[in-house]
There are 2 protein chains.
Amino acid sequence: MAEPLDPDLFTGCPPVAAPIRIGDKWTAKIIRCLEPGPRRFTELQTPLRGITPKVLTESLRAMERDGLLTRTAYDEIPPRVEYELTELGRSLIEPMNAGCEWSRKHLSELMRARDAWYASS
Amino acid sequence: MAEPLDPDLFTGCPPVAAPIRIGDKWTAKIIRCLEPGPRRFTELQTPLRGITPKVLTESLRAMERDGLLTRTAYDEIPPRVEYELTELGRSLIEPMNAGCEWSRKHLSELMRARDAWYASS
DNA sequence: CTGTATCCGGAACGATACTG
DNA sequence: CAGTATCGTTCCGGATACAG
């Protein structure tokens with residue numbers, strides 16, 4: 001997994017109150033980042049533009065607590081930590097894909113309805 | 001649709017930070033309530049135990065705004081209002097089912113991981 | 001019956017600065 | 001590099017009371 005993560009992985013993936021959500025604000029995106037293989041803390045920060053270390057740590061800890069990923073710290077200098085999906089974490093990809101497919105098919109219709117609502121009020 | 005809604009429709013459907021969520025806290029449950037056909041405000045309040053009228057109104061308005069349901073007010077006394085799913089609203093049932101199936105299969109494993117985490121800390 | 005009007009507590013999320 | 005420590009804000013959801 002030497003491939004670096006695409007910094008623009010989630011541009012075009014609007015958090016505009018999308019009607020489907022997995023975990024907290026960042027959970028689903030973290031799962032996508034880890035789908036190809038283990039990643040380090042800093043690697044995750046790149047496509048998750050703007051996430052602060054505090055919030056990323058919180059999300060990762062919650063996911064570790066729920067058994068969605070594992071955290072492995074190597075005793076090196078500089079320190080290296082790797083996050084990797086568990087089977088349980090991977091099992092969320094299926095419903096995530098169902099949600100993404102819904103968005104691709106129907107989100108524009110929802111947005112049109114929303115725009116019309118605000119236009120006529 | 002004269003069948004009354006089961007008051008216990010959602011007991012056993014824990015809001016315990018389940019990792020999958022459609023819309024706000026109540027959206028998915030409202031969709032389930034409307035799946036068989038149109039319902040009135042008070043009918044919805046029954047299985048949605050404890051929801052206050054303010055919050056139910058907010059959820060319904062947001063769903064109406066997003067084109068997920070329609071609101072029809074009949075000019076009668078006492079007033080009668082019916083909420084009914086649109087096709088767009090119905091289209092959410094598919095990803096919802098994917099989420100429910102995930103929960104049935106894996107939620108217990110998540111809860112076990114969570115319990116173990118707290119037990120060992 | 002179908003809502004509105006106020007007020008409020010807590011959690012989620014973020015900004016900024018600092019550390020082993 | 002991989003975080004922690006503080007602090008502040010915003011937002012969701014609820015309690016309670018009242019209205020057409």
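The figures here come from the full heavy-atom set of this structure, side chains too, leaving out hydrogens, waters and symmetry mates. Here is how names work: the chains are called A, B, and so on, in the same order as the sequence lines, proteins then strands, and each is numbered from 1.
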Show the nearest heavy-atom pair for residues A:C33 and A:P47, with the distance to one decimal.
SG-CG, 3.8 Å
Return the value, rounded to whole Å, for the distance between atom CD of B:E43 and atom C1' of C:dT2.
13 Å
Return the CG to CG distance between B:L5 and B:L48, rounded to the nearest 0.5 Å.
9.0 Å
Using whole Å, report how far CG of B:L56 lies from P of C:dT4.
11 Å
Anything under 4.0 Å to a heavy atom of chain A counts; send over the first and last such nucleotide of DNA chain D, read 5' to 3'.
D:dC1 to D:dT6
May I ask you to check whether over 12 heavy atoms, not counting those of A:E94, lie within 6.0 Å of atom CD?
no
To the nearest 0.5 Å, how far apart are CZ in B:R65 and CG in A:D115?
10.5 Å
Look only at the side chain of B:R49 and the backbone of B:P7, and say whether a donor-acceptor pair between them is shorter than 3.5 Å.
yes
Check this for me: A:E87, atom CD, are more than 12 non-hydrogen atoms of other residues, nucleotides or ligands nearer than 6.0 Å?
no
Under 3.5 Å, which N/O atoms of the protein pair with N/O atoms of nucleotides 17-19 of chain C?
none

B:R114 and B:L110, any side-chain heavy atoms less than 4.5 Å apart
yes
When rounded to whole Å, the CD to P distance for the pair A:Q45 and C:dG14 reads 13 Å
Measure the spacing between CD of B:E64 and CG of B:D66 and express it to the nearest 0.5 Å.
10.5 Å
For nucleotides 7-13 of chain C, just jot down a letter per nucleotide in 5' to 3' order: B, S or -, based on protein non-hydrogen atoms under 4.0 Å.
------B
Measure the spacing between NZ of B:K105 and SG of B:C100 and express it to the nearest 0.5 Å.
12.5 Å
Charged N-O contact under 4.0 Å between B:E101 and B:R104
no
Which residue pairs pass the ring-ring contact (aromatic ring centres under 6.0 Å, His included) test when at least one of the two sits in residues 37-93 of chain B, sequence neighbours left out?
none
Kindly state which residues belonging to residues 69-79 of chain B come within less than 4.0 angstrom of DNA chain D, counting heavy atoms of the residue only, listed by number.
B:P79
Does A:W102 have any ring pair (Phe, Tyr, Trp, His ring centres under 6.0 Å) partners at least two apart in sequence or in another chain, and if so, which?
A:H106
Inter-residue atom distance A:L56.CG - A:E58.CD, 0.5 Å rounding:
9.5 Å
